[in-house]
Asks: 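Next up is a structure, given as structure tokens.
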Amino acid sequence: MSSTETLPAPIRLTRRLLGQELILVLALSLGASGVSAFIDFVGSLTAPVSLKAQHATLNGSITPGRPWLDLTWHLFNIASALVPVVLVAYLLVREGSSIRALGFDLTQRWRDLGRGVLVAAVIGGSGLLLYLGARASGANLTVVPSALPDVWWRIPVLILSAAQNAVVEEVIVVGYMLRRLGQMGWSWPATVAASALLRGSYHLYQGVGGFVGNVIMGVIFCWLYSRWRRVAPLAIAHTLIDTVAFVGYVLLAGHVSWLPT
């Protein structure tokens, strides 16, 4: 480019462009997961056995019997799943903002940690009771949080998987989605409903209980975000909830009678 050439004028982010951007981001991440989970759910409903007789494995071995290759695949999948979050950060910079606008930073780390622990304690316990009730009623599959082999990297990978789930979901479904829908002129109730229903949709593979429980969680997280204007404590809470579920299953499965396996 010569010194006489000028850069094109920045594109104004119209409602149409914002909507197209949101659709593309979701199509590359949790929107696609929602469609996949719906297809899984239809398959489970039409199977010849009941829902609770079927199982949904969250973290399973990709290459059984080859632990180093298995580890490599898990690390690759965790890293690649975070790319849409990087895309969101880039898009926010393009509009003259940053991911800090969503409250995803370390500026309030101790307050975020305290809030995250409190939310995890409340949501985690309630979620477990809802899951057990839904499965007992026949509305949910048996969820297997981990089917990884007993190798040295099992617990670290489960923790990394929990953190990845939390960052992707809270940054995209809460922070980014609420911001974009608000910029597009959506009302607050409609925005919350869209975010919560999306969260429920990509948990449909677990059954009706997984859908309902995550819709409720989605509404609560949107409300907390409206008060705190920070995604970080929600990501911390989500990480703790999933870590307890994944690691707790490894430690307790087969040793307590109340945990379905």
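As the structure is a computational prediction, the values presented were derived from the model and not from experiment.
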Asks: Which pairs, with at least one residue in residues 17-57 and sequence neighbours excluded, count as a ring pair (Phe, Tyr, Trp, His ring centres under 6.0 Å)?
Replies: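 Output for this query is empty, none listed.
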Asks: Does the side chain of Pro260 come within less than 4.5 Å of Lys52's, by heavy atoms?
Replies: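 A side-chain contact is absent here, since even the closest heavy-atom pair is not under 4.5 Å.
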Asks: Name the atoms and distances for all side-chain donor-acceptor pairs under 3.5 Å in residues 244-253, with sequence neighbours left out.
Replies:
none

Asks: Has Thr57 got a side-chain atom pairing as donor or acceptor with Gly60's backbone, closer than 3.5 angstrom?
Replies: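 No, Thr57 side chain to Gly60 backbone: no donor-acceptor pair under 3.5 Å.
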Asks: Testing the basics here: between Ala235 and Phe104, what is the closest heavy-atom pair and its distance to 0.1 Å?
Replies: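 Result for this residue pair: CB-CE1, 4.4 Å.
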Asks: Looking only at heavy atoms, what is the nearest atom pair of Ser44 and Gln54, with distance?
Replies: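 Minimum heavy-atom separation between Ser44 and Gln54: O-NE2, 3.0 Å.
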Asks: Given Val171, which partner from the list Leu234, Leu82, Val231, Val86 fulfils the side-chain contact (heavy atoms from CB on, under 4.5 Å) test?
Replies: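 That would be Val231.
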Asks: So, do Ile220 and Met217 sit near enough that their side-chain heavy atoms are less than 4.5 Å apart?
Replies: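 SC-SC contact between Ile220 and Met217 ruled out.
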Asks: Output, in order, the C-alpha distance, side-chain angles, deciding distance and verdict of side chain to side chain contact (heavy atoms under 4.5 Å, CB included) for Arg199 and Phe221.
Replies: CA-CA 11 Å; Arg199 187 187 294 267; Phe221 273 29; 3.8 Å; yes
Asks: Would you list the pairs meeting ring pair (Phe, Tyr, Trp, His ring centres under 6.0 Å) in which at least one residue belongs to residues 134-159, sequence neighbours left out?
Replies: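 Those involving residues 134-159 are Trp68-Trp152, His74-Trp153.
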Asks: If hydrophobic clusters are built from ILVMFWY residues whose side chains come within less than 4.5 Å, do Leu198 and Phe211 share one?
Replies: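 Yes, it is one cluster - the side chains of Leu198 and Phe211 are joined through contacts under 4.5 Å.
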Asks: Tell me the closest heavy-atom pair linking Arg154 and Asp150, and the distance in Å.
Replies: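 So the two residues come closest at NH2-OD1, 3.0 Å.
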Asks: Check for me, please, whether Leu158 and Leu75 land in the same ILVMFWY cluster - side-chain distances under 4.5 Å, paths through other members count.
Replies: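 Leu158 clusters together with Leu75.
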Asks: Can you give me every donor-acceptor pair (side chain of residues 181-194, partner residue at least two apart or in another chain, under 3.5 Å) with its distance?
Replies:
unit_1: Gln183; atom_1: OE1; unit_2: Arg180; atom_2: NH1; d: 2.6
unit_1: Ser187; atom_1: OG; unit_2: Ala190; atom_2: N; d: 3.3
unit_1: Thr191; atom_1: OG1; unit_2: Ser187; atom_2: O; d: 2.9

Asks: Return all side-chain donor-acceptor pairs below 3.5 angstrom for residues 123-141, not counting sequence neighbours, or 'none' if the list is empty.
Replies:
unit_1: Ser126; atom_1: OG; unit_2: Val122; atom_2: O; d: 2.9
unit_1: Tyr131; atom_1: OH; unit_2: Val143; atom_2: N; d: 3.0
unit_1: Arg135; atom_1: NE; unit_2: Thr142; atom_2: OG1; d: 2.7
unit_1: Arg135; atom_1: NH2; unit_2: Thr142; atom_2: OG1; d: 3.3
unit_1: Ser137; atom_1: OG; unit_2: Gly133; atom_2: O; d: 3.4
unit_1: Ser137; atom_1: OG; unit_2: Ala134; atom_2: O; d: 2.8
unit_1: Asn140; atom_1: OD1; unit_2: Gly209; atom_2: N; d: 2.9
unit_1: Asn140; atom_1: OD1; unit_2: Gly210; atom_2: N; d: 2.9
unit_1: Asn140; atom_1: ND2; unit_2: Gln206; atom_2: O; d: 2.9

Asks: Are Trp228 and Val174 connected in a single hydrophobic cluster, I mean Ile/Leu/Val/Met/Phe/Trp/Tyr linked by side-chain heavy atoms less than 4.5 Å apart?
Replies: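 Result: yes, single cluster for both.
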Asks: What I'd like to find out is whether the side chain of Ser146 reaches to under 4.5 Å of the side chain of Leu58, using heavy atoms alone.
Replies: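 In short, these two side chains do not touch, never coming nearer than 4.5 Å.
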Asks: Given side chain to side chain contact (heavy atoms under 4.5 Å, CB included), test Ile99 with Val93 step by step and report yes or no.
Replies: CA-CA 8 Å; Ile99 202 166; Val93 170; over 6 Å; no
Asks: Return the minimal non-hydrogen interatomic distance between Thr239 and Ala162, and the atom names on each side.
Replies: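 That closest heavy-atom pairing would be O-CB, 3.8 Å.
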Asks: When Ile, Leu, Val, Met, Phe, Trp and Tyr are grouped by side-chain heavy atoms lying under 4.5 Å apart, directly or through other members, which residues fall in the same group as Trp110?
Replies: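 In the cluster with Trp110 are Leu113, Val117, Ile236, Leu240.
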Asks: To the closest 0.5 Å, what do you measure between CG (Leu18) and CZ (Arg179)?
Replies: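 Leu18 atom CG to Arg179 atom CZ measures 10.0 Å (nearest 0.5 Å).
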Asks: Is it true that Trp223 and Val219 fall in one hydrophobic cluster, defined by side-chain heavy atoms closer than 4.5 Å?
Replies: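 Yes; Val219 is reachable from Trp223 via cluster members.
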Asks: Looking at Leu92 and Ser98, what are the two nearest heavy atoms and their distance?
Replies: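 Closest pair (atom of Leu92, atom of Ser98, distance): CD1-O, 3.7 Å.
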Asks: Can you check whether Asn214 reaches Tyr202 side chain to side chain, under 4.5 Å on heavy atoms?
Replies: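 Asn214 does not reach Tyr202 side chain to side chain.
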Asks: Suppose the criterion is salt bridge (Lys or Arg N to Asp or Glu O under 4.0 Å): which pairs have a residue in residues 201-221, not counting sequence neighbours?
Replies: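 Passing the test, one end in residues 201-221: no pairs.
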Asks: I'd like to know if the side chain of Tyr176 pairs up with that of Glu21 as donor and acceptor (distance under 3.5 Å, no hydrogens or angles considered).
Replies: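 There is such a pair (donor and acceptor under 3.5 Å, judged by atom type) between the side chains of Tyr176 and Glu21.
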Asks: Side chain to side chain donor-acceptor pair (under 3.5 Å) with Asp112: which residues, sequence neighbours excluded?
Replies: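 Testing Asp112 for side chain to side chain donor-acceptor pair (under 3.5 Å), a comparison that skips the adjacent residues, returns Arg230.
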Asks: Drop me the distance from Met177's CE to Glu170's CD, to the nearest 0.5 angstrom.
Replies: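 Answer for the CE-CD pair, Met177 versus Glu170, is 13.0 Å.
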Asks: Considering only distance and modelled atom types, tabulate donor-acceptor pairs under 3.5 Å from the side chains of residues 28-37, sequence neighbours left out.
Replies:
unit_1: Ser29; atom_1: OG; unit_2: Val25; atom_2: O; d: 2.7
unit_1: Ser33; atom_1: OG; unit_2: Ser29; atom_2: O; d: 3.3

Asks: Decide yes or no for Leu178 and Ser195: does some side-chain heavy atom of the first lie under 4.5 Å from some side-chain heavy atom of the second?
Replies: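 A side-chain contact under 4.5 Å exists here.
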Asks: Once rounded to the nearest 0.5 Å, what's the spacing between atom CG of Leu204 and atom CG of Leu45?
Replies: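 Nearest 0.5 Å value for the CG-CG distance: 9.0 Å.
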Asks: Taking the side chain as every heavy atom from C-beta outward, state whether Ile39 and Val42 have any atom pair closer than 4.5 Å.
Replies: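 With C-beta onward as the side chain, the pair stays apart.
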Asks: Using links of under 4.5 Å between side-chain heavy atoms of ILVMFWY residues, direct or through other members, which residues join Leu69 in one cluster?
Replies: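 Noted: Leu69 shares its cluster with Ile62, Trp73, Phe76.
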Asks: Would Val151 end up clustered with Val157 when hydrophobic side chains under 4.5 Å apart are linked, directly or stepwise?
Replies: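 Cluster IDs for Val151 and Val157 match.
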Asks: Whether the side chain of Thr63 engages the backbone of Asp70 through a donor-acceptor N/O pair (distance < 3.5 Å, no angle test) should be reported.
Replies: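 Judged by distance alone, yes, a pair lies under 3.5 Å.
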Asks: Hydrophobic cluster mates of Leu106, side-chain heavy atoms under 4.5 angstrom, ILVMFWY only, any path?
Replies: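 ILVMFWY cluster around Leu106 holds nothing else.
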Asks: Tyr90: what forms a ring-ring contact (aromatic ring centres under 6.0 Å, His included) with it, not counting sequence neighbours?
Replies: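 Tyr90 satisfies ring-ring contact (aromatic ring centres under 6.0 Å, His included) with no residue once adjacent residues are dropped.
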Asks: Asn59 and Ser161: side-chain donor and acceptor closer than 3.5 Å?
Replies: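 A pair is found: one side chain offers a donor N or O, the other an acceptor, under 3.5 Å apart.
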Asks: In Å, rounded to the nearest 0.5 Å, how long is the span from CG of Leu17 to CZ of Arg15?
Replies: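 One finds 13.0 Å between CG of Leu17 and CZ of Arg15.
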